Amino acid sequence: MPELPEVEILVRHLRPLLAGRTIREVHVQRPAVLDPTTAPRFKMALRGATFLGVTRRGKYLLFEMRAPGSPRRFMLLGHLGMTGRMYLARKSEPWPKHAAVVLELGANQFIYDDPRYFGRLTLDASPVAKLGPEPLTAQFTPGLLARELKRSRQPVKVKLLDQSLVAGIGNIYASEALFRAGLSPRRAANRLSAPQVEKLWQAIRKVLTEAIDCGSTIPLNFQPHRSNGLFYYGSTQGGFYTERLRVYDRAAQPCGRCQTPLKRMIQAARSTFYCPHCQKK
DNA sequence: CACCATGTTCCTTG
DNA sequence: CCAAGGAACATGGT
């Protein structure tokens, strides 16, 4: 479930549940997700530590911790990879098949579950330093986007996935933003006009903001066997779950704007979805 | 069996 | 320095 909006929703969900809770015991089932932290060091740091807050940067979750028996603070960095989930369950709940890390919090347990183990839960917060600006803050301006895009001849779709340009856009919202902006995913980044950059800037913010609003309407009470982390697809507008994404995973379906069949293509080894009529070069 | 998958990093080649 | 392509990580769905 992991692009910026999904991570943002998760962070808002976890923050009040975790704030003030102290870790009683640490279980590491899959040491690779701690990399480069070792399991002994991870356990040493977290046993007895207290959650102070949870924030987000790009697709990363930042858990602010207080060390046991001291005012010293440190960061725990989380990333969901492709399939990761982080949630609280009652202590009695059995762990899911691919539980990577479990933190005992007394009556509850924090579970990091990840079938593909592409995600991270680590003491190394250095990846955050390489991220570009947050797209939903004032740091992200049309001028900045224009300057960054000017430096590359890569297709604009591929550039949008570059986390050092803007943090948090993934394969789904890259396609969605370009559709909203009416821009071809193939267009060389440095060949967008100023008005097109402005449109793209607005489309990025709109797509992400709407996704967050949409996800906020869905209860996030994760259970080991009843995952509803799939809020890419759902919105409860009018009391019904309706499809929200306009192009992603909709190859051959009619464009919602012009009825032309949508297309799928491969760019940088990833699928891109677009409308060949509304998104001309 | 084939192919696909929301992410990131590393490597090679040009 | 940049770009493009591929592979790797590991598992599950169709």
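The structure displayed is predicted, hence computed values, not measured ones. A note on names: the letters A, B, ... follow the listed sequences, proteins ahead of strands, and every chain is numbered from 1.
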>> Pair A/T272, A/K157 - check side chain to side chain donor-acceptor pair (under 3.5 Å), show working.
In response: CA-CA 8 Å; A/T272 300; A/K157 153 67 160 46; 3.1 Å; yes

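- Residue A/R270 places at least one side-chain N or O under 4.0 Å from the OP1 or OP2 atom of B/dT6.
- At a threshold of 4.0 angstrom between heavy atoms, the contacts of A/Y117 are confined to the sugar-phosphate backbone, with no base atom among them.
- Nucleotides C/dC9 and B/dC1, compared at atom C1', are 23 Å apart to the nearest Å.
- No engagement by A/R120 is indicated, since no non-hydrogen atom pair under 4.0 Å with the nucleic acid exists.
- Across all strands, A/K130 comes closer than 4.0 Å to no nucleic acid atom at all (heavy-atom distances).
- Listed pair A/K59 / B/dT6 fails the phosphate criterion, with no side-chain N or O lying under 4.0 Å from OP1 or OP2.
- The pair A/K59-A/E3 fails the salt-bridge criterion, with no side-chain N (NZ, NE, NH1 or NH2) lying under 4.0 Å from an Asp/Glu carboxylate O.
- Side-chain contact annotation: A/Q29 with A/Y112, donor-acceptor N/O pair under 3.5 Å absent.
- Remark on DNA chain B: of its neighbouring residues A/H79 and A/A269, the 5'-side contact belongs to A/A269, judged by nearest-heavy-atom nucleotide.
- The distance between atom CE of A/M265 and atom P of B/dC4, rounded to the nearest whole Å, is 16 Å.
- Regarding contacts with the backbone of B/dT6, every side-chain N or O of A/T83 stays at 4.0 angstrom or more from both OP1 and OP2.
- The interatomic distance linking A/K159 (NZ) with C/dC2 (C1') rounds to 9 Å, in whole Å.
- For the P atoms, the distance linking B/dC3 with C/dG6 amounts to 14 Å, nearest Å.
- Distances shown here put every side-chain N or O of A/Y173 at or beyond 4.0 Å from the OP1 or OP2 atom of B/dT6.
- Residues A/L18 and A/L77 do not share a hydrophobic cluster, clusters being chains of Ile/Leu/Val/Met/Phe/Trp/Tyr side chains in contact below 4.5 Å.
- A salt bridge links A/D35 to A/R120: at least one charged side-chain nitrogen sits closer than 4.0 Å to a carboxylate oxygen.
- For A/R153, taking side-chain heavy atoms from C-beta onward, the closest of the listed nucleotides C/dA3, B/dT6, C/dT11 is C/dA3.
- Here A/F118 does not pack flat against the base of B/dT8, since the 5.5 angstrom centre distance and 30 degree tilt limits are not both met.
- Stem regions annotated for DNA chain C: B:2-5 with C:11-14, B:7-14 with C:2-9, counting only runs of 3 or more consecutive pairs of Watson-Crick or G-U type with both contacts under 3.5 Å.
- With B/dT8, B/dC4, C/dC2 as the choices, the nucleotide that has an atom nearest any side-chain atom of A/R264 turns out to be B/dC4.
- Rounding to whole angstrom units, CD of residue A/Q29 and P of C/dA10 are separated by 16 Å.
- Phosphate contact (OP1/OP2 of C/dC2, side-chain N/O of A/R151, threshold under 4.0 Å): present.
- Between A/D114 and A/Q154, the residue anchored nearer the 5' end of DNA chain C, judged by the nucleotide with its closest heavy atom, is A/Q154.
- In this structure, A/R30 satisfies the cation-pi test against A/Y117, with its NZ or CZ atom closer than 6.0 Å to the six-membered ring centre and inside 45 degrees of the ring normal.
- Residues A/R257 and A/H277 form no side-chain contact, since every pair of their non-hydrogen atoms from C-beta on lies 4.5 Å or further apart.
- Partner of A/E104 under the salt bridge (Lys or Arg N to Asp or Glu O under 4.0 Å) criterion, out of A/R24, A/R47, A/K91: A/K91 alone.
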